Colleague: 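Take a look at this one; I'll ask things after.
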Number of protein chains: 2
Amino acid sequence: MRALSRVIYALPRAIDTDMMREQRLSLIEYLAMANLSEAPDRKLRMSDLAAAVEMSLSGMTRLVTRLESQGLIQRVKSSRDARGSNAILTDEGFARLEAAWPSNLAALRRHFLDHLTGLDLQRLAAALRDIAT
Amino acid sequence: MRALSRVIYALPRAIDTDMMREQRLSLIEYLAMANLSEAPDRKLRMSDLAAAVEMSLSGMTRLVTRLESQGLIQRVKSSRDARGSNAILTDEGFARLEAAWPSNLAALRRHFLDHLTGLDLQRLAAALRDIAT
DNA sequence: CCGGAAAAATTGTCTTTGCAACCAGTATAG
DNA sequence: CTATACTGGTTGCAAAGACAATTTTTCCGG
């Protein structure tokens, strides 16, 4: 139980640190871009994007501002609804993402997956999808 | 993989939120106090305590300051080494911890354990201890 | 059509945290 | 013994994110 709490607390930091060092992207930044990359037109509303990574909308505003200033994302006013903004992954952002995914995978392995000896990974995957809901 | 990243990012926040609401203690505050409660004399050096929960020493300085101002922890200069400080869990802190543990357990269950259907929990526990090293 | 409620996003403010710089105290080489 | 290196801890500073308040736009009941 202690170990679980400790892992829950420390794991995101460990992965963030690695990804920042190797790719200058935090885990959430990576996640946000990954979600965008799979959306139609690589475009999502701010609130949908925030929900997709379970972040507060205000946090997402700032995250997108950050990535926009690096040219990885572009903000476009929605034509349907003048209140809404869409975040679009730029080509540069897409390239950056493609460069980053092996790092992300490696970090997940190193800090988590490689330690799960003898566990049913199929079931774990299902459980994770369940948790993420 | 996406689900894993998302869980790693969102889980600590979810648990923190619950524990804050129910017990006014964050997960790391709880963890720090729990570690102290099991140490001889309920006492640990700052650096050992930081290591035990995988937090930076500066972060731990501030966390202890916070809990000290609530009377849950006491700071005592080490007699052996005038550089060192020890954090001691007060009786009040211990009482607070005893009141909090069911909440902590419930939050872990609700957000994580209950979703792990069909997994070998013994092995998972071993894996977690391995990761926490 | 109008006025108020709801929704989308941003911004202000506060808390938490890590890194780097900085004491103070200890250990060690010579 | 003294100068130097090292250690334990705290603080300054900056970044990230949450919540609440605000702004702009849309939706709805009458």
Side-chain angles (χ1 to χ4, degrees), chain A residues 6 8-21 24-33 36 43-70 72-88, chain B residues 6 8-21 24-33 43-70 73-88:
Chain A
R6 191 174 141 153
I8 287 177
Y9 172 76
L11 196 51
R13 281 175 170 73
I15 292 179
D16 256 3
T17 302
D18 280 13
M19 289 191 55
M20 275 306 241
R21 195 186 51 242
R24 318 237 158 252
L25 280 180
S26 71
L27 178 60
I28 330 97
E29 288 167 347
Y30 175 86
L31 259 180
M33 291 172 66
L36 280 177
K43 173 166 63 171
L44 281 176
R45 305 195 67 132
M46 293 298 292
S47 36
D48 293 341
L49 187 52
V53 302
E54 274 169 287
M55 177 183 234
S56 73
L57 186 53
S58 72
M60 186 50 75
T61 291
R62 275 151 179 152
L63 188 154
V64 167
T65 303
R66 219 158 36 196
L67 295 185
E68 195 178 24
S69 75
Q70 295 176 46
L72 306 179
I73 282 186
Q74 202 184 347
R75 241 205 210 82
V76 188
K77 280 266 162 223
S78 167
S79 44
R80 300 275 171 88
D81 183 340
R83 289 169 302 182
S85 271
N86 290 308
I88 304 182
Chain B
R6 191 175 140 153
I8 287 176
Y9 173 75
L11 196 51
R13 280 174 170 74
I15 292 178
D16 256 2
T17 302
D18 281 13
M19 289 191 55
M20 274 307 238
R21 195 186 52 243
R24 318 236 158 252
L25 280 181
S26 71
L27 179 59
I28 331 97
E29 289 167 347
Y30 175 86
L31 260 180
M33 290 172 66
K43 173 165 63 172
L44 281 175
R45 305 194 65 126
M46 292 299 291
S47 36
D48 292 341
L49 186 52
V53 301
E54 274 169 287
M55 180 184 231
S56 72
L57 186 52
S58 71
M60 186 50 74
T61 292
R62 273 142 182 162
L63 188 154
V64 167
T65 304
R66 226 169 348 170
L67 295 185
E68 195 178 24
S69 76
Q70 296 175 47
I73 282 186
Q74 202 183 347
R75 242 204 210 82
V76 189
K77 280 266 162 224
S78 167
S79 45
R80 301 276 171 88
D81 182 342
R83 290 168 301 183
S85 271
N86 290 309
I88 304 182

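Proteins come first, then strands; the chains are lettered A, B, ... in the order of their sequence lines, and each starts at number 1. These figures come from a predicted structure and were not determined experimentally.
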Colleague: Can you tell me the distance, in whole Å, between the NZ atom of A:Lys77 and the P atom of D:dT23?
Modeller: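 The answer, rounded to whole Å, is 15 Å.
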Colleague: D:dA15 P sits how many Å from A:Gln70 CD, rounded?
Modeller: 13 Å
Colleague: Would you tell me if any nitrogen or oxygen in the side chain of A:Arg75 comes within less than 4.0 Å of OP1 or OP2 on C:dT10?
Modeller: yes
Colleague: Side chain of B:Tyr9 only, heavy atoms from C-beta on: which candidate in D:dT25, C:dT26, D:dA18 is closest?
Modeller: D:dA18
Colleague: Of all the choices, C:dG25, C:dA9, D:dA20, which nucleotide is nearest to the side chain of A:Arg45 once you look at every atom?
Modeller: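 Closest nucleotide among those given: C:dA9.
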Colleague: Students often get this wrong, so: under 4.0 angstrom with heavy atoms, is B:Ser47 touching a base, only sugar-phosphate, or nothing?
Modeller: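 If one applies the 4.0 Å heavy-atom cut-off, B:Ser47 turns out to touch the sugar-phosphate alone, with no base involved.
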Colleague: Heavy-atom nearest nucleotide on DNA chain D for A:Gly59 versus A:Asp81: which residue maps closer to 5'?
Modeller: A:Gly59
Colleague: Before accepting this row, confirm whether a basic side-chain N of the pair B:Arg21/B:Asp18 lies closer than 4.0 Å to the acidic partner's carboxylate O.
Modeller: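 Salt bridge: yes.
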Colleague: Tell me if a side-chain donor or acceptor on A:Asp16 pairs with a main-chain N or O of A:Leu27 at a distance below 3.5 Å.
Modeller: yes
Colleague: Just N and O in the side chain of B:Arg13: are any of them under 4.0 Å from OP1 or OP2 of D:dA18?
Modeller: yes
Colleague: Take atom CG of A:Asp48 and atom C1' of C:dA7, then tell me their distance rounded to the nearest Å.
Modeller: 13 Å
Colleague: Quick one: B:Leu27 CG to C:dT16 P, roughly how many Å, whole number?
Modeller: 14 Å
Colleague: Rounded to whole Å, please give me the gap between CE in A:Met20 and P in D:dA15.
Modeller: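 For the pair A:Met20 CE and D:dA15 P, the rounded distance is 11 Å.
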Colleague: OP1 or OP2 of D:dA15 less than 4.0 angstrom from a side-chain nitrogen or oxygen of A:Arg66, does that happen here?
Modeller: no
Colleague: Which part of the nucleic acid, if any, lies within contact of A:Met60, taking any heavy atom under 4.0 Å across all strands shown: a base, the sugar-phosphate backbone alone, or nothing?
Modeller: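 Since no nucleic acid heavy atom lies under 4.0 Å of A:Met60, the category is nothing.
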Colleague: D:dT10 phosphate, OP1 or OP2: any side-chain N/O from B:Ser85 under 4.0 angstrom?
Modeller: yes
Colleague: So what does A:Leu49 hit on the nucleic acid, given a heavy-atom distance under 4.0 Å: a base, only sugar-phosphate, or nothing?
Modeller: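 No contact.
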Colleague: Does the D:dT24 base have a donor-acceptor partner in the side chain of A:Arg83 within less than 3.5 Å?
Modeller: no
Colleague: Enter the distance from B:Leu57:CG to B:Asp48:CG here, rounded to the nearest 0.5 Å.
Modeller: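 Answer for the CG-CG pair, B:Leu57 versus B:Asp48, is 10.0 Å.
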Colleague: Take the protein atom CE of A:Met55 and the nucleotide atom P of D:dA16, then report the distance between them rounded to whole Å.
Modeller: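 In whole Å, D:dA16 P lies 10 Å from A:Met55 CE.
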Colleague: Compare the minimum distances between each of C:dA6, C:dG12, C:dT10 and the side chain of A:Thr61, then state the nucleotide with the smallest one.
Modeller: C:dT10
Colleague: Need one value for A:Ile28: base, sugar-phosphate or nothing, where a base atom within 4.0 Å counts as base even if backbone is also close, heavy atoms only.
Modeller: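 The residue A:Ile28 makes sugar-phosphate contact but no base contact.
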Colleague: State whether A:Glu29 and A:Arg66 are salt-bridged, where the test is any N-O pair (Lys NZ or Arg NE/NH1/NH2 against Asp/Glu carboxylate O) under 4.0 Å.
Modeller: yes
Colleague: Between B:Leu63 (CG) and C:dG18 (C1'), how many Å, whole number?
Modeller: 14 Å
Colleague: Would you say A:Arg75 has more than 12 foreign heavy atoms packed within less than 6.0 Å of its CZ?
Modeller: yes
Colleague: Heavy atoms only: give me the nearest B:Met60-B:Ala32 pair and the separation to one decimal.
Modeller: CE-CB, 4.3 Å
Colleague: Calculate the interatomic distance between A:Leu57 atom CG and D:dT22 atom P; express it in whole Å.
Modeller: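 It is 17 Å, rounded to the nearest whole Å.
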Colleague: Counting side-chain heavy atoms from CB outward, which of C:dG18, D:dA18, D:dG9 is closest to B:Met46?
Modeller: D:dG9
Colleague: Could you work out which one of D:dT25, D:dC19, C:dG18 sits closest to the side chain of A:Arg62?
Modeller: D:dC19
